[in-house]
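A short worksheet on the structure shown next.
Order of the sequence lines fixes the chain letters, A, B, ..., with proteins taken first and strands second; residue numbering starts at 1 for each chain. Note that the structure is a prediction, hence the values are computed from the model and not measured.
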Amino acid sequence: MTYAQDPPQAGRVLDARLHLLDRQLLDVDDVPITTIDDLEVLGTDGDPDPSGGHAVLTSLLTGPVLGTRLFGGRPPSSRLERIRWSHVADVGTAVRLGIHGEELDATWVERWVRDHIIGRIPGGRHDPE
Amino acid sequence: MILSDLLDTPVTDADGTRVGYVIDVRFVLDGPPDGLLAAPRLHGLLVSPRTGTSFLGYERSGVRSPAFLARWFAWRHRGTFLVHWTDVASVADGRVDLAADHRRWSPTLTGSTTER
Amino acid sequence: MTLVRRVAGPAAAAVAVASLASCSLGGATGTEATQPLGDAVDAASSAVATSQLATDLLVRHRATATVVDTALLDQIHVLDSSTFALMTALPGDPAAIDLRGDAIQAVADAAAAVADARAWTNSARTSPARTAGVVGSLDDSADALDEVSAAIEGS
Amino acid sequence: MKRLLGVALGVLTAIGGFLDIGDLVTNAVVGSRFGLSLAWVVVVGVVGICLFAQMSGRVAAVSGRATFEIIRERLGPRAAGANLAASFLINVLTLTAEVGGIALALQLASSVEPRLWVPVAALAVWFVLWRVKFSIMENVTGLVGLTLVVFAVALFKLGPDWGDLAQQAMTLAPTSTETWPTYWYYAIALFGAAMTPYEVFFFSSGAVEEKWTAKDVGQSRLNVLIGFPFGGVLSIAIAACAAVVFLPQAIEVDSLSQIVLPVALAGGKLALAVVIVGIVAATFGAALETSLSSGYTLAQFLGWSWGKFRRPTQAARFHLTMIVALLIGVAILMTSVDPVKVTEFSVVFSAIALPLTYLPILVVANDPEYMGKHVNGRATNALAMVYLVIILVASLAAIPLMIATGAGS
């Protein structure tokens with residue numbers, strides 16, 4: 001059983017699992033931010049349930065949403081940690097952002113561990129010798 | 001909607017017959033401009049008649065070696081097809097229903113994916 | 001040493017877990033009455049042979065006292081587990097019970113000999129007579145264990 | 001000239017860094033019980049680790065993506081999460097064994113109880129992770145670890161009957177006192193000791209740490225293809241020393257203090273001092289590698305910032321993970337568990353977890369999107385498929401054999 005080839009598209013084709021999900025997200029300086037745990041898709045009119053209509057990928061998701069991919073369930077929309085697609089600069093073997101990770105809400109755990117634990121141990125703020 | 005709502009959900013046609021599972025979701029970067037890139041438009045669903053197991057990227061990307069593994073994964077996912085999002089009638093209750101006149105396309109990825 | 005090392009299937013999983021924590025030696029009760037005895041005596045013989053090798057190296061100034069001390073200490077642990085295995089084994093027939101008594105005695109003597117060798121290791125080691133005594137009692141222990149082992153195999 | 005020096009340094013550190021507590025213990029135990037009749041497994045294991053390390057190093061150098069990023073990306077969160085749980089557990093187990101190994105080696109030098117050395121050793125490991133540059137750490141432990149060559153020297157000085165050793169190596173069967181299941185159980189243990197997953201995590205992440213590019217693929221291949229086989233020769237030398245000294249006397253090896261006795265027998269106090277230094281370097285180096293690997297695997301799975309090339313504050317969760325892993329290791333050792341036993345289990349569990357790490361690397365090494373023109377060649381793929389089968393069989397057989405033999409007892 002063979003199917004007809006999909007007509008060529010005007011833009012680049014990305015399969016979510018193959019090219020986006022579970023890929024490393026890097027910031028503009030190539031600092032790892034997170035792994036892409038899930039994606040948010042909304043109707044072009046902002047409709048959260050765009051069955052059949054026009055829909056676009058609006059945000060990359062991270063944080064607690066990983067738990068739902070591991071164990072099932074569904075986090076409430078308010079608890080999603082979003083990184084907006086508008087920050088994405090390039091999709092390759094890793095996904096690159098055009099901004100600094102520090103500016104993102106999603107990096108708060110890393111910042112907390114740095115400020116409260118690792119940064120307080122002597123020598124932690126110096127380059128290794 | 002988040003992608004987990006779609007991935008691995010069963011797919012039925014207009015008669016209510018199960019035709020497979022969503023194993024991946026295809027986007028095309030031809031939506032309205034959104035920051036540095038175009039917004040990825042939800043183009044369609046990849047439906048495999050068998051399980052929701054991972055492809056490891058084999059069948060669609062044209063990788064053909066090691067030959068044994070490539071053949072095995074191709075065999076596992078024989079009969080996979082692409083349906084356009086516009087042919088999806090509804091997504092609800094962990095189920096995807098296709099429209100009566102939906103058309104099935106080849107799942108193979110074409111050229112433009114490998115640009116870096 | 002022609003003993004077959006075999007542990008009954010269901011008990012083995014428990015042994016695998018137990019040995020992680022305590023490095024016990026063949027604590028499972030075997031189907032053949034004398035097998036646990038043989039295993040324990042073999043382990044004791046190995047410990048004594050190691051101790052003989054280590055003390056010999058010290059006598060010949062080929063090893064440092066710290067290494068020999070550690071080696072002897074490790075062997076005391078082995079003998080300890082051997083004793084435990086012998087004491088907890090449940091031999092079926094009267095002959096095996098006698099054999100077990102002999103084995104416990106031989107292992108106890110061996111432990112005393114190794115402990116003495118360790119004391120000697122940590123001393124000045126100037127007296128040749130004392131050295132000969134240490135080496136001699138290790139040799140005697142080795143012989144005694146061999147005898148018990150032969151008796152168990154013959155039973 | 002400088003390039004040649006670089007090559008030589010790479011090869012030498014690969015040799016010195018090959019051996020760890022798992023190789024030391026497993027080879028000595030096997031040598032004392034089976035002579036050289038399992039030496040062929042070391043050969044199989046070394047070819048396997050060459051293939052595996054070379055593939056993962058090449059993927060990391062060309063794509064910049066380390067092994068666990070690829071595992072997550074290819075297997076998805078569930079299968080990769082299961083793999084992470086298993087790999088992390090084995091890593092911590094191996095780390096525990098290595099820190100225990102340092103303490104045991106220091107006990108040999110000092111007679112001081114190993115439990116007193118454990119916190120000292122762990123603190124030293126942490127300090128190096130915290131402050132010392134990656135390349136210095138690698139080169140120093142690798143070069144000092146080279147002193148384990150003393151096992152090969154000792155073997156020659158013991159003047160064994162070479163014909164007899166060759167005979168043993170050709171006899172692919174257990175000695176008269178052992179059974180077939182035990183033979184195969186130890187075959188898997190040896191295989192796991194040679195092909196530990198942490199080496200692959202470390203090797204691929206190390207390629208990123210040292211900022212390798214496609215240009216360095218040749219050098220990395222050389223390090224692996226020359227360094228690891230020499231490491232394998234040292235493994236066999238350890239087994240042979242045990243086979244020569246312990247097998248005839250029916251001595252069962254179950255402690256590190258026994259493993260060094262043949263060296264003392266052959267070379268006296270000087271050789272003994274050298275071997276203790278070598279064991280400390282090898283276990284210390286491996287403790288660093290396993291700590292780093294526990295950080296690498298978790299950070300790469302979750303996409304955290306990682307790497308020793310960054311300041312600790314710029315890879316905060318990565319450093320925190322390593323600290324926690326070390327603390328767990330210390331806590332386990334403080335229960336007075338025998339590190340040698342921990343080692344024996346860790347190598348078998350390594351063999352069990354191997355397929356989940358191996359398969360994604362094999363797949364990605366063939367993906368031109370990652371690899372460009374550096375994809376696997378036909379010969380590599382043919383060999384890789386043979387090893388896929390070997391690895392699967394070893395993994396599936398390990399637990400039944402462990403139960404059937406009472407973990408080789």
| field | Evaluation steps, salt bridge (charged side-chain N to carboxylate O under 4.0 Å, His left out), between C/R118 and C/D74 | value | CA-CA 11 Å; C/R118 185 159 178 256; C/D74 287 337; over 6 Å; no
| Under the 3.5 angstrom rule, does the side chain of D/E98 hit a backbone N or O of D/F284 as a donor-acceptor pair? | no
| message | Under 4.5 Å from any heavy atom of chain D, what part of C/S45 do you find: side chain, backbone, both or neither? | response | neither
| remark: Whatever's closer than 4.5 Å to a heavy atom in chain D on C/L73 counts as side chain
| request: Among the options C/L53, C/N122, C/D56, pick out the one with the most heavy-atom pairs lying under 4.5 Å from chain D. | output: C/L53
| request: Sort D/L272 into side chain, backbone, both or neither according to what part of it lies under 4.5 angstrom from a heavy atom of chain C. | output: side chain
| said: Please classify the contact between D/L104 and chain C as side chain, backbone, both or neither, with a heavy-atom cut-off of under 4.5 Å. | reply: neither
| message | Quick check for you: among C/D69, C/V68, C/T50, which has the greatest number of heavy-atom pairs under 4.5 Å with chain D? | response | C/T50
| remark: d(D/L158 CG, D/F151 CZ) to nearest 0.5 Å is 11.0 Å
| task | May I ask you to test the D/F34-D/L247 pair for a side-chain heavy-atom distance under 4.5 Å? | result | no
| Is chain D contacted by the side chain of C/Q52, its backbone, both, or neither, given a heavy-atom distance below 4.5 Å? | neither
| task | For each of D/S255, D/P181, D/S32, D/P114, tally heavy-atom pairs with chain C at distances under 4.5 Å, and name the one with the top tally. | result | D/S255
| said: With rounding to the nearest 0.5 angstrom, report the CG to OG1 distance, D/L95 to D/T290. | reply: 4.0 Å
| said: Quick check on the interface: out of D/L265, D/V253, D/V260, D/V245, who has the most heavy-atom pairs with chain C under 4.5 Å? | reply: D/L265
| query | With a 4.5 angstrom heavy-atom cut-off, which part of D/V112 approaches chain C: side chain, backbone, both or neither? | reply | neither
| said: Looking at D/I352, is its backbone amide N or carbonyl O close enough to the side chain of D/S395 to form a donor-acceptor pair, meaning the two atoms are under 3.5 Å apart? | reply: yes
| field | Check: C/S81 side chain, C/H77 main-chain N or O, donor-acceptor pair, under 3.5 Å | value | yes
| field | Residue part contacting chain C, namely of D/A273, when any heavy atom lies under 4.5 Å | value | neither
| Is there a salt bridge (charged side-chain N to carboxylate O under 4.0 Å, His left out) between D/E178 and D/R33 once you walk through the steps? | CA-CA 8 Å; D/E178 303 287 352; D/R33 289 178 62 168; 3.0 Å; yes
